[in-house]
Structure formats: C-alpha cells, structure tokens
Amino acid sequence: MDWLRLWKPYIFPSPIAVFTTLWSLILDGTMSIAVLASAKRIFLGYILSIIIGIVVGLAIVRFKYLDENVSPLILGLQTLPSICWLPFSILWFGLNESAIIFVITIGSTFAVSIAIESGMKNINPLFVRAAKTMGAKGFSLYWNVIIPASLPSIISGLKQGWSFAWRALMAGEMISATKGLGQVLMVGRDLADISQVMAIMIVIVVLGVAVDKLIFGKVEINIRQKWGLDKA
Amino acid sequence: MSVVVENLSKSFITKNDKINTLDNINVEFHKGEFVCILGPSGCGKSTLLNIIAGLEKETAGRVICNGKEVKGAGPDRVVMFQESALFPWLKVIDNVEFGMKLAGIPKDERREKAIKYLKMVHLTRFQDSYIHELSGGMRQRVALARALTLDSEILLMDEPFAALDSQTKNLLQLELQQIWLETRKNIIFVTHNVEEAVLLADRVIVMSANPGTIKKEFHIQLARPRQPENIDLAYLAADIMKELKEEVEKVAKAEFDTDWTSKKDPILSDSDSNMGTGI
Ligand SMILES: Nc1ncnc2c1ncn2[C@@H]1O[C@H](COP(=O)(O)OP(=O)(O)O)[C@@H](O)[C@H]1O
Ligand SMILES: [Mg+2]
C-alpha cells in the first residue's frame with residue numbers, strides 16, 4: 001500500500017490535529033483577539049462601502065451624465081480583485097489599519113452601487129406611474145416607491161458586497177496586518193503549522209456563512225415572503 | 001364642467017417612422033358624469049387617458065382640469081390601471097392609505113377612512129394581507145378603494161376589469177355603479193368592450209383608429225343600477241357595434257396580412273363583443 005505514504009501530515013492535517021489547534025487557539029485568547037480585530041475592520045470597511053455605494057448609486061440613477069460616463073468605469077473596476085489596490089493603499093495610507101480598510105471598502109463599494117443602480121432602473125414602471133397619480137414626486141417618490149420597489153435587488157447587492165469585503169479583508173490581513181484572522185493564518189504558514197492554517201480557514205468559512213445566512217438570509221426570506229416571490 | 005380636452009394631438013416618434021396616435025381630439029367631461037371611451041385596441045384610448053392623467057405629454061393642444069391646464073400627474077386625477085399597480089411591499093391597508101399618507105393626513109384619520117373604503121369594496125377581512133395573497137378581482141377592489149380615498153372629483157380608469165373572469169367582472173361592474181351612485185365622481189372609463197360601455201356609462205364616446213379621433217357620442221339614459229341582461233342595453237350595444245365595425249376592420253387591416261376580411265375572421269361575433277384582441 002504505497003499510496004498511503006503520499007499522505008503526509010504537513011501536507012494535509014488530520015482532523016484531530018486541526019481541532020486540537022483550534023481549541024488551543026481559543027483557549028490562549030489568540031482566536032478572540034484575531035476575530036475581534038478582523039470584525040472591527042470589516043465592520044468599518046463594509047459600513048463605509050455601503051454609504052459610498054449608496055451615494056454613488058443614487059447619483060448615477062439621478063444624473064444622466066454620470067450614468068453615461070461613470071457607469072462603464074465602475075463596471076470595469078468591479079472586475080478588478082480589490083487586493084490589487086493594496087500597493088496603492090499602502091502608499092496612500094501607510095502600513096496601517098486604514099490601508100486594509102480601504103481595500104475592504106473598495107472591494108464592496110462597486111457591487112453595492114451597481115446593485116442600487118440596476119435595482120432602481122429595473123423596477124416596474126407601473127408602480128411609479130400609480131404613485132405619481134396619487135401625488136408622489138421628488139424625494140417622496142424615491143422614499144416611498146423607488147427604494148422599497150428595488151429593495152430585493154439592493155439586498156442581494158449588499159450581500160454580494162459583503163462577500164467581496166470578506167475576501168478583501170482576508171487577503172489584506174494575510175499580506176499586511178499585525179493581527180486578525182488572516183494574519184494568524186499566515187503565522188501558521190510561516191511556522192509550517194498546517195493545522196493552524198486549516199483551523200483558521202474553518203473559522204473564516206464558518207463566520208462568512210453565519211453572516212450570510214443569519215443576517216442577509218433572514219432579510220431576504222422576509223422580503224421574498226412579503227412579495228410572494230417564492231410561490232413557484 | 002371638470003375636464004376639457006382641446007385640439008389634442010399626440011404622435012410618437014419611433015426609429016422608423018412617426019405614428020399619429022391622436023389627431024385633434026376635442027371633448028368635455030362634466031362633473032359627476034360617468035363616461036366610457038370606447039374603441040378598438042390600439043386606437044389610442046390609453047394614450048388619451050394618460051395625457052389627461054398627466055402621465056404623458058401631448059404633442060399639441062391641451063387638457064384643462066377645473067380651469068387649470070394639466071402640467072403633470074396629481075391626486076386630483078387618480079388613475080386605476082388594468083393591472084392593479086398595488087405595492088407588494090405593503091399590506092392591503094397600507095396600500096389603501098398610501099395616497100393619504102403622501103397627502104400628510106394624520107394616522108388615525110387615514111386608518112378610519114381606509115377602513116371605510118375597504119368596507120365599500122367588501123375587503124376589510126383582508127386588510128392585513130399582502131398583495132400576492134389576493135385574487136385578481138380582490139386586487140382591483142383594493143386598487144379602487146385606494147383611488148377613492150383621495151376624494152378626487154375625477155377618477156380615470158383604463159380597462160380596469162379587462163383581465164378578470166366574466167363573473168368577477170360582472171360583480172365589479174355592478175359595484176362600481178353602486179359606488180358611482182354614492183360618490184358621484186366624474187369617472188372616465190376606457191374600454192374596448194361595447195357591453196361594458198353601455199352598462200356603465202351615461203355617455204359613450206366612440207373613437208376611431210389610425211389616427212385616433214372621436215367618431216361619435218351616444219347618450220344612455222337608462223335607470224341604474226343596470227343589469228347586463230337588460231334588453232335595452234343589448235339594442236344599444238348593437239347600434240354602437242355597427243358604428244364600430246368599420247373601425248375594427250381598419251385596425252385589423254393595418255395589423256393583419258392584407259388578405260384579411262371580416263368574413264373569414266369573424267371577430268365581431270366574439271361572445272364578449274370585444275373589439276379586437278384585448279390589450
Ligand atoms: N410609448 C409608445 N411609443 C410608440 N408608440 C406608441 C407608444 N404608446 C402608444 N403608441 C402607439 O399608439 C397606439 C395606441 O396605443 P394605446 O393608447 O395604448 O391604444 P389603446 O389603449 O386604445 O389600445 C399604439 O398602437 C402604438 O402604435
Ligand atoms: Mg390601452
């Protein structure tokens with residue numbers, strides 16, 4: 001049984017080793033410090049991207065000039081993995097928190113603004129016509145009709161933005177952070193401790209899925225039920 | 001006198017050519033009057049109604065509503081569409097309150113009024129439902145209640161019952177007459193169905209197609225509420241149908257292949273007296 005020897009503990013760790021490592025990372029506090037540091041960054045970066053994304057998205061919807069000139073640029077920039085911004089980011093902000101937060105923000109902003117733009121452009125025009133004949137115009141038309149009507153696509157844009165932000169955070173931390181989940185993962189690599197790498201990967205997946213399902217999932221299900229979108 | 005349409009024309013510029021949809025329309029709608037605008041599909045009924053509503057811009061002429069020229073949409077001319085256009089993110093009761101909320105009417109007052117009009121359309125039981133939980137007929141009732149809450153003198157309706165099954169349609173036609181008797185609004189009701197027009201209207205305005213103009217008017221002075229079985233209505237409907245045969249064929253000739261004639265394709269014997277396919 002020669003092939004059994006192909007399996008070497010430093011290539012792929014045993015589940016027991018991974019859980020032992022995970023447990024000790026939790027016990028000695030490394031894990032909570034790392035999770036807290038990562039959470040703080042993504043919270044700041046993501047909130048910032050939502051604010052900027054909404055402002056940019058609304059501006060594009062509102063002004064034809066921006067739509068014609070800025071939309072193609074945004075679509076192009078969106079294809080760029082946000083970690084590519086890290087060199088610039090470090091030049092502009094230095095090797096510190098701001099640099100990582102910038103990468104997170106830019107990772108998710110475009111997804112959010114594109115979702116706002118296409119969501120608002122694709123609403124049923126009948127809603128707007130009906131609302132106008134009932135006296136809606138200007139801000140009240142946006143607030144009472146256009147925004148709620150585009151909410152389903154806005155939520156999926158926010159969700160997509162979240163997953164981009166989460167990836168950008170990990171990439172940023174692996175390259176340039178002094179704490180955080182990505183950094184602990186890199187320490188594992190530097191020490192050739194593959195079970196630590198694996199343990200952190202599991203935590204990253206679990207946290208990512210948890211936010212996706214518990215926050216976005218709940219909101220999405222709620223909206224789909226109200227709208228009757230699940231009636232097949 | 002509440003709505004005056006003066007020398008109104010509308011043309012659409014498309015990629016290939018220019019379509020003269022409405023040509024020099026002159027018509028008046030009076031306070032408290034129930035008027036049906038009848039014409040074959042594609043003759044420009046919706047376009048006319050949308051211009052009166054202020055949702056679409058005229059090419060020439062003007063619409064004057066209570067002495068003021070129409071410049072845009074507004075709650076003095078609420079529209080009810082063929083599809084209910086209710087908001088899926090709001091419960092029934094909040095949909096009914098929508099216009100009043102925009103008008104800044106306080107919460108208690110608008111709730112009370114919303115319930116009153118939901119009662120009028122017999123749907124108070126469903127006030128907490130979402131729109132997708134209602135049938136097509138129920139949705140049109142909610143849309144009607146929503147339109148009534150704004151107390152506009154003018155109510156514009158664009159084939160509001162065209163998508164409903166005939167039983168539901170008959171019921172709603174009866175109820176609309178009842179509601180009109182109670183509220184005495186000026187209802188401008190667009191339809192392509194002759195029987196519906198004679199059943200509902202004080203005055204039927206028949207439109208011709210290509211370009212859309214007003215061909216003839218019929219005054220109907222029968223007691224209300226009228227029942228669809230009424231024999232006088234059947235005579236009237238036959239009269240108007242004669243007037244329309246020509247128009248229907250005109251549209252059909254324009255839309256179908258050139259070898260089409262009404263004998264091969266007896267569109268007029270359609271059991272519902274729909275003129276052309278209902279769009
Ligand atoms: N947005 C538009 N662009 C181009 N042509 C239009 C548009 N809206 C309506 N039309 C033209 O006007 C005609 C009348 O349309 P419409 O008012 O909807 O008719 P109706 O309601 O009587 O069925 C159509 O056949 C079409 O040629
Ligand atoms: Mg129409």
Side-chain angles (χ1 to χ4, degrees), chain A residues 54 57-58 61-62 64 68 115-159 215-232, chain B residues 46 49-50 52-56 65 70-92 94-105 110 128-135 139 142-143 145-152 154-158 160:
Chain A
I54 288 177
L58 283 176
V61 171
R62 188 74 189 71
K64 209 172 159 61
E68 280 162 6
I116 301 253
E117 180 204 338
S118 69
M120 289 191 176
K121 277 185 185 164
N122 292 324
I123 65 172
N124 184 347
L126 199 56
F127 292 155
V128 175
R129 293 157 70 85
K132 277 185 179 167
T133 76
M134 288 186 281
K137 53 186 154 203
F139 176 76
S140 83
L141 185 61
Y142 272 87
W143 183 248
N144 292 299
V145 182
I146 297 178
I147 291 175
S150 51
L151 213 53
S153 19
I154 292 178
I155 296 293
S156 50
L158 291 180
K159 187 172 155 183
I215 298 176
F216 294 106
K218 282 240 169 78
V219 177
E220 252 181 347
I221 288 171
N222 189 297
I223 288 184
R224 294 186 72 83
Q225 274 175 351
K226 266 194 201 177
W227 285 56
L229 293 175
D230 287 331
K231 284 200 295 189
Chain B
S46 297
L49 200 79
N50 286 335
I52 296 173
L55 289 169
E56 213 149 344
C65 176
V70 167
K71 288 288 177 203
D76 56 332
R77 282 157 288 129
V78 190
V79 186
M80 210 182 134
F81 301 93
Q82 180 173 337
E83 291 163 75
S84 66
L86 296 170
F87 303 131
W89 58 89
L90 296 177
K91 290 178 180 172
V92 164
D94 297 317
N95 264 290
V96 177
E97 286 181 27
F98 185 86
M100 296 189 281
K101 194 176 162 205
L102 291 178
I105 294 170
R110 62 176 199 249
D128 289 322
S129 302
Y130 282 98
I131 305 309
H132 70 95
E133 296 162 331
L134 309 181
S135 70
R139 285 179 205 188
V142 176
R146 180 174 76 170
L148 292 172
T149 58
L150 291 173
D151 292 327
S152 63
I154 301 154
L155 183 55
L156 307 175
M157 306 178 94
D158 191 353

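In what follows, chains carry the letters A, B, and so on, assigned in the order in which the sequence lines appear, proteins first and then strands, with residues in each chain numbered from 1. Being a predicted model, the structure only gives us computed values, none of them experimental.
Between atom CD of residue B/Q82 and atom CG of residue A/L126 there is a gap of 10.0 Å, rounded to the nearest 0.5 Å. For the atom pair OG1 of A/T133 and CG of B/L150, the computed distance is 8.0 Å after rounding to the nearest 0.5 Å. In this structure, B/W89 CH2 and A/K226 NZ are separated by 11.0 Å, a value rounded to the nearest 0.5 Å. With rounding to the nearest 0.5 Å, the separation of CZ in B/F81 from CZ in A/R129 is 5.5 Å.
Within a 6.0 Å radius of CD in B/E83, no more than 12 heavy atoms belonging to other residues, nucleotides or ligands are found. Crowding of A/K159 atom NZ: a count of heavy atoms from other residues, nucleotides or ligands under 6.0 Å exceeding 12. The environment of NZ in A/K137 is sparse: at most 12 heavy-atom neighbours from other residues, nucleotides or ligands sit within 6.0 Å.
Interface residue B/K101: only side-chain heavy atoms are found under 4.5 Å from chain A. Interface remark: B/L86 contributes backbone atoms only to the contact with chain A (heavy atom separation under 4.5 Å). Only the side chain of B/L102 has a heavy atom closer than 4.5 Å to any heavy atom of chain A.
The nearest pair of heavy atoms linking B/A73 to A/K132 is CB-O, 3.7 Å.
Interface summary for chain A: among B/S152, B/P88, B/A103, the most heavy-atom pairs under 4.5 angstrom belong to B/P88. The candidate from B/G72, B/A85, B/G54 with the greatest count of non-hydrogen atom pairs under 4.5 Å with chain A is B/A85.
Residues B/F98 and A/M134 have side chains in contact (heavy-atom distance under 4.5 Å, counting atoms from C-beta outward).
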